[in-house]
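Written out below as structure tokens is the structure these notes cover.
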Amino acid sequence: MLDKNGIAKRIAREVKDGYYVNLGIGIPTLVANFVRDDISVEFQSENGVLGMGPFPFEGDEDADIINAGKQTITTLPGASFFDSALSFGMIRGKHVDLTILGAMEVAENGDIANWKIPGKMVKGMGGAMDLVASAENIIVAMMHTNRAGESKLLKRCTLPLTGVGCVKKIVTNLAVLEVTSEGFKLLERAPGVTVDDIVNATEGKLIVEKEIPEMKI
Amino acid sequence: MINKTVSNVQEALKGVADGMTFMLGGFGLCGIPENAIAELVRLGIKDITCISNNAGVDDFGLGLLLQKHQIKKMISSYVGENDEFERQMLSGELEVELTPQGTLAEKCRAAQAGFPAFYTPAGYGTEVAKGKETREFDGKMYVLEPAFKADFSFVKAWKGDEAGNLIFKGTARNFNPCMCGAAKITVAEVEELLPAGSLDPNQVHIPGIFVQRIFQGEKFEKRIEQRTVRTKK
């Protein structure tokens with residue numbers, strides 16, 4: 001079974017040379033730590049920066065340079081700043097190659113819910129609805145089950161949707177899955193996890209074909 | 001040169017009144033019009049609608065206006081980080097319209113650029129699209145979103161000149177440029193107000209035509225919401 005860093009490490013292998021990547025808050029943010037350093041990648045943050053670098057050294061933090069999580073950041077050579085309309089133009093116009101975000105629920109048809117729990121949590125969708133509606137390549141990073149042990153990979157989402165039929169790939173603490181027209185197709189198992197473990201933790205339709213390899217991390 | 005300078009925040013906010021709709025720049029606490037917000041608090045005007053990506057924190061930014069119950073309605077994309085906001089929203093004191101961030105930015109830009117409405121894929125099939133016109137283009141569904149209408153835009157820039165030309169810094173740019181010229185009156189507060197001719201026209205982000213009033217902000221606290229650092233090895 002993977003921890004959060006393990007999930008981020010596995011997703012980092014999906015990041016290819018020349019990609020512009022938008023990372024959501026939470027596990028997705030960790031992906032930047034594990035991208036190979038022999039490839040060229042630029043991270044976009046929707047509040048208006050491309051070419052995001054690591055956190056600043058103590059004393060170097062600048063209130064005017066933050067990421068979408070409102071954390072102080074730095075920029076790398078080749079970086080640029082822009083306004084919010086242009087930022088979402090990059091996203092809506094499909095110029096960003098890969099979007100990695102968290103989710104509360106994903107359905108077997110690719111629907112995603114990650115912004116609201118009626119009566120409990122209403123913080124807002126931020127940029128998530130724009131991202132999932134436009135991105136061609138969306139990877140969801142999440143735990144396979146919630147704290148109550150219930151599956152987050154469902155037949156149908158029960159929470160208010162963020163987007164419809166948009167998720168392509170999911171990396172959880174148990175597995176890598178692809179969303180197909182037939183349901184969740186199991187691609188890889190996490191180290192030490194059996195196919196049965198994944199079957200038991202998945203409520204939506206799970207397609208298991210032949211031998212399922214263990215993830216390489 | 002058409003001079004847009006006003007001497008202080010009081011003069012800059014002349015004409016604001018109860019029940020008006022305001023656009024306020026900023027992302028989190030980054031690039032917010034701190035001086036305009038402080039003056040709105042001092043004036044004590046009520047029943048205002050605020051279009052702003054976030055709602056500040058409890059004791060800074062738009063949180064200051066929430067504390068005084070001056071806001072009737074918030075139009076934002078993300079409103080976490082503010083307990084008083086949550087309390088007012090759940091008790092029904094505050095009306096909240098959550099809008100996808102890119103749609104929020106584009107509704108400002110559309111108002112600035114003279115578009116009455118636009119189609120966006122964001123929110124299609126979700127509760128955000130409820131009651132809105134939808135249309136298919138090339139096999140994909142889109143939602144029709146109208147441009148915002150507002151009385152004042154309050155923006156914050158790094159440098160500005162007497163002609164109202166603006167230059168922003170870092171990610172403090174965010175919604176500020178999209179809100180310039182998107183309301184009946186745009187008020188820009190700047191860290192450094194310079195004589196006309198001091199800014200290189202090649203470097204201007206927002207031309208002065210979109211700004212009606214510009215003033216030198218008295219004080220910028222520039223509070224950091226999440227201070228994240230790494231240690232030198």
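Below, chain A is the first sequence line, B the second, and so on; all start at residue 1. Everything numeric here is computed off the predicted structure, so don't read it as measured data.
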Please check if the number of heavy atoms outside [X] that lie under 6.0 Å from its [atom1] is greater than 12.
X: B:L144; atom1: CG; value: yes
X: B:F118; atom1: CZ; value: yes
X: B:E218; atom1: CD; value: no
X: A:K4; atom1: NZ; value: no
X: B:K132; atom1: NZ; value: yes
X: A:E58; atom1: CD; value: no
X: A:K9; atom1: NZ; value: no
X: A:F57; atom1: CZ; value: yes

Go through the atoms of [X] and report whether side chain, backbone, both or neither lie under 4.5 Å from a heavy atom of chain B.
X: A:V132; answer: neither
X: A:S80; answer: neither
X: A:A68; answer: both
X: A:F55; answer: both
X: A:D111; answer: neither

Examine whether an atom of [X] lies under 4.5 Å from a heavy atom of chain A, and if so say whether it belongs to the side chain, the backbone or both; otherwise answer neither.
X: B:N176; value: neither
X: B:M141; value: neither
X: B:E191; value: side chain
X: B:T99; value: backbone

Using a strict cut-off of less than 4.0 Å between a Lys/Arg side-chain nitrogen and an Asp/Glu carboxylate oxygen, indicate whether B:R109 and A:D83 qualify as a salt bridge.
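No, B:R109 and A:D83 are not salt-bridged.
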
Considering only NZ, NE, NH1 and NH2 on the basic side and carboxylate oxygens on the acidic side, decide whether B:E86 and A:K123 come within less than 4.0 Å.
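Answer for the salt bridge query: no.
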
Looking at [options], which one has more heavy-atom pairs under 4.5 Å with chain B than the rest?
options: A:P56, A:G127, A:G124; result: A:P56
options: A:N47, A:I65, A:T75, A:L161; result: A:N47
options: A:G48, A:G126, A:A85, A:A63; result: A:G126

Which atom pair, heavy atoms only, marks the closest approach of B:G102 to A:D130?
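Taking every non-hydrogen atom into account, N-OD1, 3.0 Å.
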
Rounded at 0.5 Å granularity, tell me how far [atom1] in [X] sits from [atom2] in [Y].
X: A:M125; Y: B:S77; atom1: CE; atom2: OG; result: 7.5 Å
X: A:M129; Y: B:Y124; atom1: CE; atom2: OH; result: 14.0 Å
X: B:K232; Y: A:D60; atom1: NZ; atom2: CG; result: 5.5 Å

Heavy-atom pair count under 4.5 Å with chain A, highest-scoring of [options]:
options: B:P121, B:P100, B:S76; answer: B:P100
options: B:I224, B:V96, B:N53, B:L104; answer: B:I224
options: B:T228, B:L90, B:V229, B:V79; answer: B:T228
options: B:F85, B:Y78, B:Y142, B:W158; answer: B:Y78

Side chain to side chain contact (heavy atoms under 4.5 Å, CB included) between B:E225 and A:T72, intermediate numbers included
CA-CA 8 Å; B:E225 214 165 323; A:T72 45; over 6 Å; no

In the structure I gave you, are the side-chain heavy atoms of [X] and [Y] within less than 4.5 Å of one another anywhere?
X: A:L131; Y: B:Q101; result: no
X: A:I66; Y: B:Q226; result: no
X: A:R92; Y: B:E106; result: yes
X: B:T126; Y: A:V164; result: no
X: B:K169; Y: A:D62; result: yes
X: B:R230; Y: A:P54; result: yes
X: B:H205; Y: A:F81; result: no

Under the criterion side chain to side chain contact (heavy atoms under 4.5 Å, CB included), I'd like the reasoning laid out for A:V122 against B:L98: C-alpha separation, chi angles, the key distance, then a yes or no.
CA-CA 9 Å; A:V122 189; B:L98 291 169; 3.7 Å; yes

Tell me whether B:R173 forms a cation-pi arrangement with A:F82, defined as NZ or CZ under 6.0 Å from the six-membered ring centre and within 45 degrees of its axis.
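No, a cation-pi geometry is absent between B:R173 and A:F82.
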
